[in-house]
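To start, the structure itself, in structure tokens.
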Amino acid sequence: MVFSSLIFLNYFLPGVLIAYFLAPSRLKNTVLLLASYLFYAWGAPKILPLLFISSLVDYFASKQFARVSSESESGPSAAKNSWQKYCFYFALLTNVFSLLYFKYANFFVGELSNLLEASGSGAIAWSAVALPIGISFFTFQKISYLVDVWQDRAQPPKSFLQYALFVACFPQLIAGPIVRFHDISKQLDSREHNLDNIFQGGYRFIIGLAKKVLIANPLALVNYNIDGLDINTLPCDYAWFGIICYSMQIYFDFSGYSDMAIGLGQIFGFKFPENFNHPYISKNITEFWRRWHMTLSEWMKLYLYIPLGGNRVSALRVYCNLWIVFLLSGLWHGAAWNFLAWGAFHGFFLIMDKLFWLRISKRLPSLINITLTFVVVLFGWVLFRANSLDQAIAYMSRLLAFNSFAEVHTWYLWGDMLTNRTTCMFVLALFMSFYPAFIRSNREA
């Protein structure tokens, strides 16, 4: 069930809102948790027990290793005993191995099977593992909870009900934003419900729905039409138009879902973190990752980059840490070589930023910086959307085949690519993506 589906808009959401606001305060979390489990079971009923049991493991394990923070004054984790360490690592590894199995087992077994076949051995007999919806998002939330409690940055909630709701709350369960327990722990216990939150949340939800339905979906149709053409003879202008459409599609699709999640959360009294901040006006890749999928970037920084040493180590180690973080970020997005290449691609340009580009770009006009960064991001999106590395390389070659622009007599083909509606949405998407840059430039002038 997705937020833009008729069954969600016409039946599920109205029913949940009625039940939630009619319920007394002490039962509101229960109603929302049951609704969230129903929402998840609609798309993955067989995985729901895993979500529930793993939440139980997290909660009761955290109760064990969180006791030190209230019993000892010697500092975070200073007096942790062997049992508490066992509970922490057991819960942490349970989440990590669960993510590895469900998301990456098919990929690794498939690659091993291909390698064995190439060497003359037989292929591995393997039944494909179904990928649970939203497992990347809720697993990262669960890991952040365990680490924060272990390091005494957070305390376990008063009841398992509150923790289960933190993990499964349907507005941000399947597509984020990634929420840290520390940010909403007080809201799980008590939150404010008023007309202002309801109207503002409803408005934010409608904005997100419009981004998804009115902009992202029509542009997805353009990409579908371009994908139907022979990539080896694709004119250069078609290739550029296609990847720009895709950049708009993925931004308005993903940011639209984030807006809908934030809006729904506000209706129910929650304040979820922002996830996007006009990423295409970034002047370098470093800034891009401060604006794109901000909750993932923050998670990677706090729970991966800093533990690896962050900026406190040698320059070479910093560059290695950046690459490790973005290789894993690529794999987090999908279990395929093209996602790994996409992560390595962004890691490379982040290292270039630190080596010299941030200094050079300060002397260039904002328009040039934004244009260059957007072009780099576009080439990254080629890797992200491709079905294979070979296909990505072939598409990139068409982007650079400047002698293959569509001839005058073939321009009528654009009518198959663009209707009046998609043309309007394409122009609107460009305007909404880039207009803040002009506003900021005028203010700076």
Side-chain angles (χ1 to χ4, degrees), residues 40 44 46-66 77 80 82-112 126 128-154 156 163-164 166-168 172-182 293 295-310 320-337 339-340 343 347:
Y40 194 79
K46 294 181 180 179
I47 305 299
L48 183 59
L50 172 68
L51 182 64
F52 178 78
I53 293 172
S54 67
S55 298
L56 276 174
V57 170
D58 292 344
Y59 178 72
F60 287 107
S62 68
K63 283 289 191 180
Q64 298 300 310
F65 58 76
S77 71
K80 306 254 192 237
S82 298
W83 168 248
Q84 291 164 328
K85 292 178 181 178
Y86 171 79
C87 289
F88 169 68
Y89 287 112
F90 176 77
L92 183 66
L93 292 176
T94 297
N95 282 283
V96 171
F97 284 124
S98 176
L99 181 63
L100 288 174
Y101 174 73
F102 283 103
K103 189 160 186 173
Y104 303 106
N106 293 333
F107 171 67
F108 288 118
V109 172
E111 292 301 315
L112 178 60
W126 174 259
V129 178
L131 178 64
I133 301 170
I135 189 171
S136 298
F137 289 94
F138 66 70
T139 301
F140 268 27
Q141 289 195 178
K142 289 154 97 301
I143 290 174
S144 71
Y145 165 80
L146 292 170
V147 174
D148 283 352
V149 172
W150 173 257
Q151 296 181 343
D152 294 337
R153 291 198 294 252
Y163 179 71
F166 159 72
V167 173
Q172 47 80 54
L173 174 61
I174 61 173
I178 299 172
V179 180
R180 294 176 61 199
F181 180 78
H182 175 73
H293 206 340
T295 57
L296 174 63
S297 298
E298 182 71 7
W299 195 98
M300 289 289 184
K301 175 184 175 182
L302 290 174
Y303 301 103
L304 193 55
Y305 182 67
I306 290 177
L308 286 172
C320 289
N321 290 345
L322 280 172
W323 228 329
I324 290 170
V325 167
F326 274 86
L327 285 172
L328 293 176
S329 175
L331 278 178
W332 180 86
H333 283 85
W337 288 111
F339 290 109
L340 193 65

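Judged by distance alone, the side chain of Gln84 and the main-chain N or O of Gln64 form a donor-acceptor pair under 3.5 Å. For the pair Tyr59 (side chain) and Pro156 (backbone), a donor-acceptor distance under 3.5 Å is absent.
Side-chain polar atoms of Tyr101 and Asn106 form no donor-acceptor pair below 3.5 angstrom. Using modelled atom types and a 3.5 Å distance limit, the side chains of Trp299 and Gln141 yield no donor-acceptor pair. Judged by distance alone, the side chains of Ser62 and Tyr145 do bring a donor and an acceptor atom under 3.5 Å apart.
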Going through the checks in order, is the side-chain contact (heavy atoms from CB on, under 4.5 Å) test met by Ile47 and Leu50? CA-CA 5 Å; Ile47 305 299; Leu50 172 68; 4.1 Å; yes
Quick one: do Ser329 and Leu296 satisfy side-chain contact (heavy atoms from CB on, under 4.5 Å)? Show the steps, please. CA-CA 9 Å; Ser329 175; Leu296 174 63; 4.1 Å; yes
Would you please test Ile143 and Tyr303 for side-chain contact (heavy atoms from CB on, under 4.5 Å) and show each step? CA-CA 9 Å; Ile143 290 174; Tyr303 301 103; 5.6 Å; no
Evaluate ring pair (Phe, Tyr, Trp, His ring centres under 6.0 Å) for Trp337 paired with Phe107, printing each intermediate quantity in order. CA-CA 9 Å; Trp337 288 111; Phe107 171 67; 5.5 Å; yes
Candidate pair Thr295 and Val179, rule side-chain contact (heavy atoms from CB on, under 4.5 Å), full reasoning: CA-CA 7 Å; Thr295 57; Val179 180; over 6 Å; no
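In this structure, the side chains of Asp148 and Phe181 stay at 4.5 Å or more apart for every pair of heavy atoms. Ile178 is not listed as a side-chain neighbour of Gln172, based on a closest heavy-atom distance of 4.5 Å or more. Residues Phe166 and Arg180 have side chains not in contact (no heavy-atom distance under 4.5 Å, counting atoms from C-beta outward). Residues Cys87 and Trp83 form a side-chain contact, since some pair of their non-hydrogen atoms from C-beta on lies under 4.5 Å apart. Residues Phe137 and Leu173 have side chains not in contact (no heavy-atom distance under 4.5 Å, counting atoms from C-beta outward).
Here the CE atom belonging to Met300 is positioned 13.5 Å from the CD1 atom belonging to Ile306, to the nearest 0.5 angstrom. Atom NE2 of His333 and atom NE2 of His293 lie 5.0 Å apart (nearest 0.5 Å). In this structure, the separation between CG on Leu146 and OG1 on Thr94 is 9.0 Å, given to the nearest 0.5 Å. The CG atom of Asn95 sits 9.0 Å away from the CD1 atom of Ile135 when rounded to the nearest 0.5 Å. Atoms OG and CG, from Ser136 and Leu331 in turn, are 10.5 Å apart once rounded to the nearest 0.5 Å. Between atom CG of residue Leu304 and atom CZ of residue Phe326 there is a gap of 10.5 Å, rounded to the nearest 0.5 Å.
The only option from Phe88, Tyr86, Phe60 that meets the ring-ring contact (aromatic ring centres under 6.0 Å, His included) definition with Phe65 turns out to be Phe88. Tested against Ile324, the residues Leu327, Leu328, Leu322 include a single side-chain contact (heavy atoms from CB on, under 4.5 Å) partner, Leu328.
Considering all non-hydrogen atoms of both residues, Leu99 and Phe140 come closest at CD2-CE1, 4.2 Å. Residues Ala168 and Leu51 share a closest heavy-atom pair of CB-CD2, 4.1 Å. Pairing each heavy atom of Val167 with each of Ser55, the nearest pair is CG1-OG, 3.8 Å. Scanning both residues, Ala335 and Tyr104, for their nearest heavy atoms gives CB-CD2, 3.5 Å. In this structure, Pro132 and Tyr40 approach most closely via the heavy-atom pair CB-OH, 3.5 Å.
Both cation-pi conditions hold for Lys103 and Trp332: the charged atom is under 6.0 angstrom from the six-membered ring centre and inside a 45 degree cone around its axis.
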